[in-house]
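Basis for what follows: all heavy atoms, side chains included, without hydrogens, waters or symmetry-related copies. Just so you know, these numbers come straight off a predicted model, no measurement behind them.
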Amino acid sequence: QVQLVESGGGLVQAGGSLRLSCTVSGRTLSMYAVGWFRQAPGKDRELVAALSWRGADTTYTDSVKGRFTISRDNAKNTFYLQMNTLKPEDTAVYSCAAGVDVSDRVMIRQEEYRYWGQGTQVTVSS
């Protein structure tokens, strides 16, 4: 069974950086389009960043553009979310997700992602 596990969350001061990692087991990561989502208390879960299967397409929510970067290392079965210049409003539970799409496009709808990690807490203090 395919399983995704996030790591790298924690507490950081505003302006700091964190790198989240998502390791995939059960199948090679090269098969999947990937994404990162977050959910803050009292808010809906939102797409933060997505990367297509072959890497030809990426997308970011407007609030993180220029600060966050999604990347993948298929040899390590791991993909990443580098988060720089963190703000208190970035505080949320971050989840990684993966799904199969034979076209090299990002997947933006939550229902397109079949596999999900358990979530990791990111807290940004003022």
Side-chain angles (χ1 to χ4, degrees):
Q1 183 176 350
V2 175
Q3 188 169 13
L4 278 61
V5 179
E6 302 99 335
S7 63
L11 176 65
V12 65
Q13 290 187 338
S17 298
L18 287 173
R19 188 184 71 168
L20 304 183
S21 299
C22 183
T23 298
V24 178
S25 62
R27 294 291 186 274
T28 178
L29 181 62
S30 64
M31 299 175 61
Y32 299 105
V34 298
W36 288 94
F37 292 80
R38 68 184 180 187
Q39 187 168 25
K43 297 183 179 180
D44 293 333
R45 186 163 60 185
E46 65 171 342
L47 177 69
V48 178
L51 178 64
S52 62
W53 173 41
R54 293 184 183 273
D57 196 17
T58 59
T59 192
Y60 298 90
T61 191
D62 286 344
S63 63
V64 308
K65 287 179 179 177
R67 299 189 297 120
F68 290 11
T69 303
I70 186 171
S71 62
R72 66 196 298 160
D73 186 341
N74 289 339
K76 298 183 182 295
N77 271 8
T78 301
F79 61 102
Y80 307 94
L81 185 67
Q82 179 67 46
M83 304 184 293
N84 297 326
T85 319
L86 283 160
K87 303 175 180 179
E89 49 265 46
D90 295 318
T91 295
V93 174
Y94 285 71
S95 299
C96 60
V100 176
D101 194 319
V102 297
S103 63
D104 194 16
R105 66 173 183 86
V106 295
M107 300 192 300
I108 61 173
R109 299 188 300 272
Q110 294 183 40
E111 57 267 28
E112 293 182 283
Y113 291 90
R114 180 173 180 179
Y115 305 106
W116 290 81
Q118 81 286 354
T120 186
Q121 177 70 46
V122 172
T123 302
V124 184
S125 63
S126 300

**Request:** Would you name the heavy atoms of Gly119 and Ser95 that are closest together and state the gap between them?
**Result:** CA-OG, 3.6 Å

**Prompt:** Going through the distances and angles, do Ser17 and Asn84 end up as a side-chain hydrogen bond (donor to acceptor under 3.5 Å, both in side chains)?
**Reply:** CA-CA 4 Å; Ser17 298; Asn84 297 326; 2.9 Å; yes

**Prompt:** Looking at Gln82, Arg38, Met83, which hits side-chain contact (heavy atoms from CB on, under 4.5 Å) with Leu20?
**Reply:** Met83

**Prompt:** Of Val124, Thr123, Thr91, Val64, which meets side-chain contact (heavy atoms from CB on, under 4.5 Å) against Leu86?
**Reply:** Val124

Does some side-chain heavy atom of [Y] sit less than 4.5 Å from a side-chain heavy atom of [X]?
X      : Y      : value
Glu6   : Trp116 : no
Arg109 : Met107 : no
Glu46  : Phe37  : no
Leu51  : Val106 : no
Thr78  : Val24  : no
Leu47  : Thr61  : no

**Flag, side chain of Tyr60 to backbone of Ile70, donor-acceptor distance under 3.5 Å** = yes

**Asked** Quick one: do Glu89 and Lys43 make a salt bridge, cutoff under 4.0 Å?
**Response** no

**Prompt:** Atom SG in Cys96, atom CG in Leu81: separation rounded to 0.5 Å?
**Reply:** 10.0 Å

**Fill in**
Rounding to 0.5 Å, atoms OG (Ser126) and NZ (Lys87) come to a distance of 12.5 Å

**Request:** Decide yes or no on salt bridge (charged side-chain N to carboxylate O under 4.0 Å, His left out) for Lys65 and Asp62, but give the supporting numbers first.
**Result:** CA-CA 5 Å; Lys65 287 179 179 177; Asp62 286 344; 2.9 Å; yes

**Message:** What verdict does the side chain to side chain contact (heavy atoms under 4.5 Å, CB included) test give for Asp90 and Val122, after you've listed the backbone C-alpha separation in whole Å, the side-chain angles of each residue and the deciding distance to 0.1 Å?
**Reply:** CA-CA 8 Å; Asp90 295 318; Val122 172; 5.5 Å; no

**Asked** Same cluster for Val34 and Leu18 if Ile/Leu/Val/Met/Phe/Trp/Tyr side chains link at under 4.5 Å?
**Response** yes

**Request:** Using the rule that two of Ile, Leu, Val, Met, Phe, Trp, Tyr join whenever any of their side-chain heavy atoms come within less than 4.5 Å, decide whether Leu4 and Val48 are in one cluster.
**Result:** yes

**Complete:** The ring pair (Phe, Tyr, Trp, His ring centres under 6.0 Å) partner of Tyr32 among Phe79, Tyr115, Tyr113 is Tyr115

**Request:** Specify whether Phe68 and Tyr94 have parallel, tilted or perpendicular ring planes, treating 30° as the upper limit for parallel and 60° as the lower limit for perpendicular.
**Result:** tilted

Could you tell me whether [X] atom [atom1] has more than 12 heavy atoms of other residues or ligands within 6.0 Å of it?
X      : atom1 : answer
Arg45  : CZ    : yes
Glu111 : CD    : yes
Ile108 : CD1   : no

**Prompt:** Do we get Arg72 above Trp36's six-membered ring, with its NZ or CZ under 6.0 Å from the centre and within 45° of the axis?
**Reply:** no

**Prompt:** Judged by modelled atom types alone, do Asp104 and Ser52 share a side-chain donor-acceptor pair under 3.5 Å?
**Reply:** yes

